[in-house]
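Residues take their numbers from the sequence shown, with the count starting at 1. These numbers come from the heavy atoms of this one structure, side chains and all, not from hydrogens, waters or symmetry mates.
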Amino acid sequence: MKRTQTPAAKSSARTSVKPVASRPKPTRTATSRTTAKLSPKSSPKPAAKSPSPRRKPSAQSLPAVAVESRTKQAQLIELLESDRGASIAQMVDLTGWQPHTVRGMLSGSLRKRLGLNVRHCIEEGVRVYRIRPEVAAA
């Protein structure tokens, strides 16, 4: 059964809503559109200096110890290529990423883009990921 309002109730409901007052539109003059005034904040910037010539560092000036400048992806690959492998928690600690980002790196970048053979197994209730060499087709 459908409830309907009486015609008197409908008309009172319509009249109880007040129209929104319209605000006056600002007027523009032709000069305000074409004349651009520069405020102190928008003043033109001074010309940029020419870049100084950079020299490539020679092999003698490089430090003897390699600095940890590898990418996080390279660090993950190295960790996964070890015999122990790595769990998601270990990869999260290494990279500082969220777990879903680590899983996305495994499936998207390492498996699909780079074509690495990323495998997993469950050891002591923890999923451990490893990169295995490709098995030749017989």
Side-chain angles (χ1 to χ4, degrees):
M1 186 182 241
K2 205 175 190 184
R3 286 188 178 183
T4 59
Q5 292 180 340
T6 62
K10 286 183 182 177
S11 65
S12 67
R14 283 189 223 137
T15 57
S16 65
V17 177
K18 294 181 180 178
V20 177
S22 62
R23 60 179 183 214
K25 293 182 180 179
T27 58
R28 291 187 178 181
T29 61
T31 57
S32 66
R33 285 188 211 148
T34 58
T35 308
K37 295 181 182 178
L38 294 178
S39 65
K41 290 183 180 178
S42 65
S43 61
K45 295 181 180 179
K49 296 179 182 178
S50 62
S52 60
R54 295 183 182 181
R55 287 186 277 169
K56 194 173 184 179
S58 64
Q60 297 167 350
S61 66
L62 294 176
V65 178
V67 178
E68 192 70 28
S69 64
R70 296 176 303 160
T71 63
K72 291 181 181 182
Q73 179 176 330
Q75 292 173 0
L76 274 179
I77 291 172
E78 183 180 326
L79 182 65
L80 293 172
E81 285 177 339
S82 69
D83 291 334
R84 294 182 331 199
S87 67
I88 292 287
Q90 291 170 332
M91 291 184 269
V92 165
D93 289 340
L94 174 73
T95 59
W97 295 339
Q98 296 291 321
H100 66 272
T101 308
V102 172
R103 286 190 296 271
M105 172 65 86
L106 291 173
S107 67
S109 296
L110 301 185
R111 283 184 181 156
K112 293 178 183 175
R113 289 188 185 150
L114 299 177
L116 298 174
N117 187 17
V118 179
R119 298 291 170 216
H120 64 85
C121 62
I122 298 178
E123 296 176 359
E124 300 175 12
V126 178
R127 189 177 305 264
V128 177
Y129 294 86
R130 292 182 179 90
I131 294 178
R132 295 289 177 210
E134 292 292 328
V135 178

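Criterion: ILVMFWY side-chain heavy atoms under 4.5 Å apart, direct or through other members. Under it, Val128 and Leu116 are not part of a common hydrophobic cluster.
Using a distance-only test at 3.5 Å, with no hydrogens or angles considered, no donor-acceptor pair links the side chain of Glu81 to the main chain of Glu78.
Between Cys121 and Glu123 the shortest heavy-atom distance is SG-OE2, 3.4 Å. Scanning all heavy atoms of the two residues, the minimum distance from Val118 to Tyr129 falls at CG1-CD2, 4.3 Å. The two residues Val92 and Trp97 have their closest heavy-atom pair at CG1-O, 3.2 Å. Here the closest non-hydrogen pair linking Asp83 and Arg132 is O-NH2, 4.4 Å.
Contact check for Arg103 versus Ile88: side-chain heavy atoms found under the 4.5 Å cut-off. Within the 4.5 Å cutoff, the side chain of Leu114 has heavy atoms near those of the Gln73 side chain.
Distance check, rounded to the nearest 0.5 Å: CG of Leu110 to CG of Asn117 gives 11.5 Å. Remark: Arg130 CZ to Leu80 CG distance equals 10.0 Å, nearest 0.5 Å.
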Please test Leu76 against Met91 for side chain to side chain contact (heavy atoms under 4.5 Å, CB included), starting from the C-alpha separation and ending with a verdict.
CA-CA 7 Å; Leu76 274 179; Met91 291 184 269; 3.4 Å; yes

